[in-house]
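Everything on this sheet refers to the single structure shown next.
Counting starts at 1 for both ligands and their atoms, following the listed order. For clarity, every value in this text was computed on a predicted model and none was experimentally measured. Side-chain atoms are counted along with the backbone in the values below, which use heavy atoms only and exclude waters and symmetry mates.
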Amino acid sequence: MSLTSTDLLGEIKWVPHPRSSQLRRLGLETVGDLLTHYPRRHEDRRGFGEFPREESEQPICLCGEVTRTRLNRFGRGKKIFEVTLQESNPHALSQPLVCRWFNLHYIQRMILTGQRLVVFGKPRQRGQRICMEHPEFEIIENDEEISIHFRRITPIYSATEGLSQRVLRGLIYRLLDEWVDDGAQTPLSPELDSDLASRALREIHFPPTNEALARAREALVLAEFFSMQMLLASRRAHSRARTGGIHSGPGELLERFLRALPFDLTNAQARVIEELRGDLGSTFPMNRLLQGDVGSGKTVVAIAAMLLAVEAGFQTALMAPTQILAEQHHAVLRRWLEPLGVPISLRTGARKEDPLPLFANTPRLNLGSTGGPPVASGGSPDASSDVRYGKRRWSVSDPQTEAASHHRPAGQIFVGTHALLYEPDGLENPGLIVIDEQHKFGVAQRGRLTTREPAPDVLVMTATPIPRTLTMSLYGDLDVSTIDEMPANRGRIATAARDEEKLPDVLAFLRRELEAGRQAYVVYPLIDESEKLEAKAASAEFDKWRERLLPFTCELLHGRIPATEKQGIMERFRRGLTSVLISTTVIEVGVDVPNATVMLIENAERFGLAQLHQLRGRIGRGEHKSYCILLRSDPSKETMAKLAVLERTSNGFEVAEADWELRGPGDLLGTAQSGLPELKLGNLRSDAKLMQRARAAAIKVYRDDPLLAKPENQRFRRLVVEEVGKTFSHVS
Ligand code: ADP
Ligand code: MG
């Protein structure tokens, strides 16, 4: 019988029905699916080691005969099942090995005296004996099977309950035997040697040597990354092919804004603004990611870009993930831009019903780039009809005269939350869209913006620094600008992790800071609680703190507080009327109160590193020295290691790297958000070099043949079409 990749496992005679439904549960339906169910790891079973006489950290693989089984009961209904193994060719110094399983009833039914057993695990000294606890094991039933399962570098798969390693391995072994290589599974990448490519799939499962395994894996990872990079390159080519426009004015408005700023730009800010100006000034649609640590001053950069677009007569939008942030941005923009006569409107979900005077009666600036100053009249009652702008004098126009004149419609800025995406009234034809804190935005939302024609320029900003390789893989379709420098006037932040028991000392310290006129945040985690519980826990917490901190004033902030109230609370804190804000993580992003110098985080172990770093970014925003205190209630090794990262560095990129190392990329960003297919084999971190190669290869293919029209590129074209098909569900 010969099988092809698309044959259904359920229709193969020698795959019994219960197996095929178990496989389906693993998501494996076709021959191709199972063949690309790659081993999780391999065990070198070419020879079995001697039974150890001492413990080791290195797991080992042993083969022996079961000489005794025993069930010990202890406590209430608890059981330990013990199996004693004897080395096959024991010698005088051989010591038996004891394997132990706790409360696993089914194992006791599987293992019998006299069987031969292969076990894999770490040997441990337990009293006089050497034990393995919960080792992986296989029972050798007949010697024929040895050819598949032993005496080789043996693949270990992720199995599922009821589907053992042996069964899975046996199935794949036989599939590989009967499968006719149709090329569909052959790893594809321009630089791959075809001979190696054709062997890779077999050898990743059953490698003849460790070197062959490494080569096979490399080929498959390279191909996997290449297809990912092709998808990104196609997105990029697609967005470049769309019609955009020039969204940049001459920059006088920007100049004026920069001159009025109370500080000088950092070099990094100035460089990024130039990068943005380049994009805004060219016709292809900008698709740029701006990353910069918390407090690095991304808002100013965003404003600079928006002013260029406004000056060119375009509407621009600044979108934030939360209402608090949108309102803060609005306040900042008003303070800085209203003197320049730039109209700004606020739009958030919660305030929709408000009359939004600014929004409804926005004066429209008429900024001709050539010719004399535009003349117009009318406008809103709350804006002066004469707007000073640079050395020239501008007026507010009304639509009729505007139509009569040949000037472009005037630019303005909209600030809002996601609501702007869904109800863009007023925002008909934006030239630039800035999305703050991108990690809260999914691809779908990004897609919603970028499918308009003519395409607006899009800038997404994130304060979650992304390790370089990750940026490349997850956001490879975006250009990336990085602010890698902090403003000079920053007070330092000292970070210290403390045991919960030290709370009294911490409180004394906090009071000293408050007495010196500073303000503080106290943050506590609430995870997976119901709304009711959350409100209750929050107010219980609040009462405790209010008492502790008397006579200083506290206010409570959490997600269930109505929007208008929240705004008031933030405003009082900003103005220094409240000393301490007791809060959940709603203050996480972007909030900017320079006088707040202490951040106390309770149960810090419950937060992720990236989130803690974000929270810490709320302080150290003024000239005073700031303190971040991480209270932990769990002294485990992992907690200590995690919190130590923050004590060690205040650089967001370093935190991100450490976070990645400690937890893997899933938690850092969520690959689903990137709209890319899940990786089956490659590891974004350890295979970073391969990702670089794959990316270079994909870029080259697209550069030489942007439409993938050449005959030799048809195989790559299929790859893209397939991948787009697979990921379409994320995007739609
Ligand atoms: P983030 O990058 O976290 O969004 P912000 O844009 O909110 O940071 O900036 C943080 C604070 O730093 C703001 O108060 C802002 O006005 C200030 N700031 C921005 N750029 C500079 C600079 N070059 N020098 C001094 N202060 C700056
Ligand atoms: Mg910000």
Side-chain angles (χ1 to χ4, degrees), residues 254 257-274 276 288-307 317-337 339 413 415-417 434-441 459-466 480-493 519 521 570 573-576 585-597 599 610-624 626 628 650-653 655-656:
L254 172 59
F257 164 67
L258 294 179
R259 269 205 304 278
L261 275 181
F263 47 75
D264 290 332
L265 292 181
T266 61
N267 291 331
Q269 283 172 319
R271 170 173 47 77
V272 170
I273 290 174
E274 282 316 303
L276 296 176
R288 193 171 276 275
L289 176 73
L290 169 57
Q291 48 172 346
D293 212 341
V294 270
S296 62
K298 293 183 292 293
T299 315
V300 169
V301 170
I303 293 175
M306 290 193 291
L307 288 180
L318 173 59
M319 286 183 235
T322 66
Q323 199 189 330
I324 287 188
L325 260 187
E327 279 163 7
Q328 180 181 286
H329 277 319
H330 183 238
V332 169
L333 263 62
R334 271 177 84 150
R335 196 168 69 229
W336 279 341
L337 300 186
I413 293 177
V415 181
T417 58
V434 181
I435 304 173
D436 196 14
E437 309 298 348
Q438 138 80 17
H439 58 287
K440 307 255 158 147
F441 278 77
L459 175 68
V460 290
M461 307 200 289
T462 176
T464 307
I466 306 163
V480 179
S481 290
T482 304
I483 304 185
D484 48 8
E485 184 187 353
M486 289 301 233
N489 63 344
R490 287 301 140 78
R492 268 189 2 89
I493 303 180
Q519 290 166 280
Y521 299 99
M570 275 319 293
F573 187 66
R574 207 168 277 140
R575 287 208 246 131
T585 53
V586 292
I587 55 144
E588 182 184 347
V589 277
V591 169
D592 189 21
V593 180
N595 191 45
T597 57
M599 160 98 14
Q611 202 180 13
L612 288 171
H613 180 69
Q614 284 283 322
L615 284 167
R616 177 169 65 171
R618 302 304 110 234
I619 56 172
R621 297 189 152 236
E623 78 245 49
H624 305 287
S626 293
C628 176
S650 55
N651 177 319
F653 284 90
V655 172

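Inclusion of Gly295 in the set of residues having an N or O under 3.5 Å from an N or O of ligand 1 is warranted. An N or O contact shorter than 3.5 Å links Arg621 to ligand 1 by distance. Of the N or O atoms in Gly297, one or more lie within a sub-3.5 Å distance of an N or O in ligand 1.
Arg575 meets the side-chain contact (heavy atoms from CB on, under 4.5 Å) test with Glu571, Leu577; sequence neighbours excluded. Evaluation of the side-chain hydrogen bond (donor to acceptor under 3.5 Å, both in side chains) rule for Ser481 yields Glu275, Arg288 as partners, not counting sequence neighbours.
In Asp264, the CG atom is not crowded: 12 or fewer heavy atoms of neighbouring residues, nucleotides or ligands sit closer than 6.0 Å.
Summarising the geometry, atom OG1 belonging to Thr462 is positioned 11.5 Å from atom CD1 belonging to Ile435; distances are rounded to the nearest 0.5 Å. Expressed to the nearest 0.5 Å, how far CG of Leu265 lies from CZ of Arg271 amounts to 12.0 Å.
The proximity of Gln269 to ligand 1, defined as any non-hydrogen pair under 4.0 Å, is limited to the side chain. By the criterion of a heavy-atom distance under 4.0 Å, neither the backbone nor the side chain of Val332 is placed next to ligand 1. With a 4.0 Å heavy-atom cut-off, ligand 1 is reached by the backbone of Leu265 but not by any atom from C-beta on.
Not a single heavy atom of Asp436 lies less than 4.0 angstrom from ligand 1. No heavy atom of Ile483 sits closer than 4.0 Å to any atom of ligand 1. Under a 4.0 angstrom heavy-atom cut-off, Gly292 registers as lying outside contact with ligand 1.
Judged by distance alone, the side chain of Gln269 and the main-chain N or O of Gly297 form a donor-acceptor pair under 3.5 Å. One N or O on the side chain of Gln519 and one on the backbone of Phe573 form a donor-acceptor pair closer than 3.5 Å.
Under a 4.0 Å criterion applied to the non-hydrogen atoms of Asp293, ligand 1 contributes the atoms 2 (O). The Val294 neighbourhood of ligand 1 comprises atoms 3 (O), with distances under 4.0 Å to a heavy atom of that residue.
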Take Leu333 and Met306 through the side chain to side chain contact (heavy atoms under 4.5 Å, CB included) test and state the conclusion after the steps. CA-CA 11 Å; Leu333 263 62; Met306 290 193 291; 3.9 Å; yes

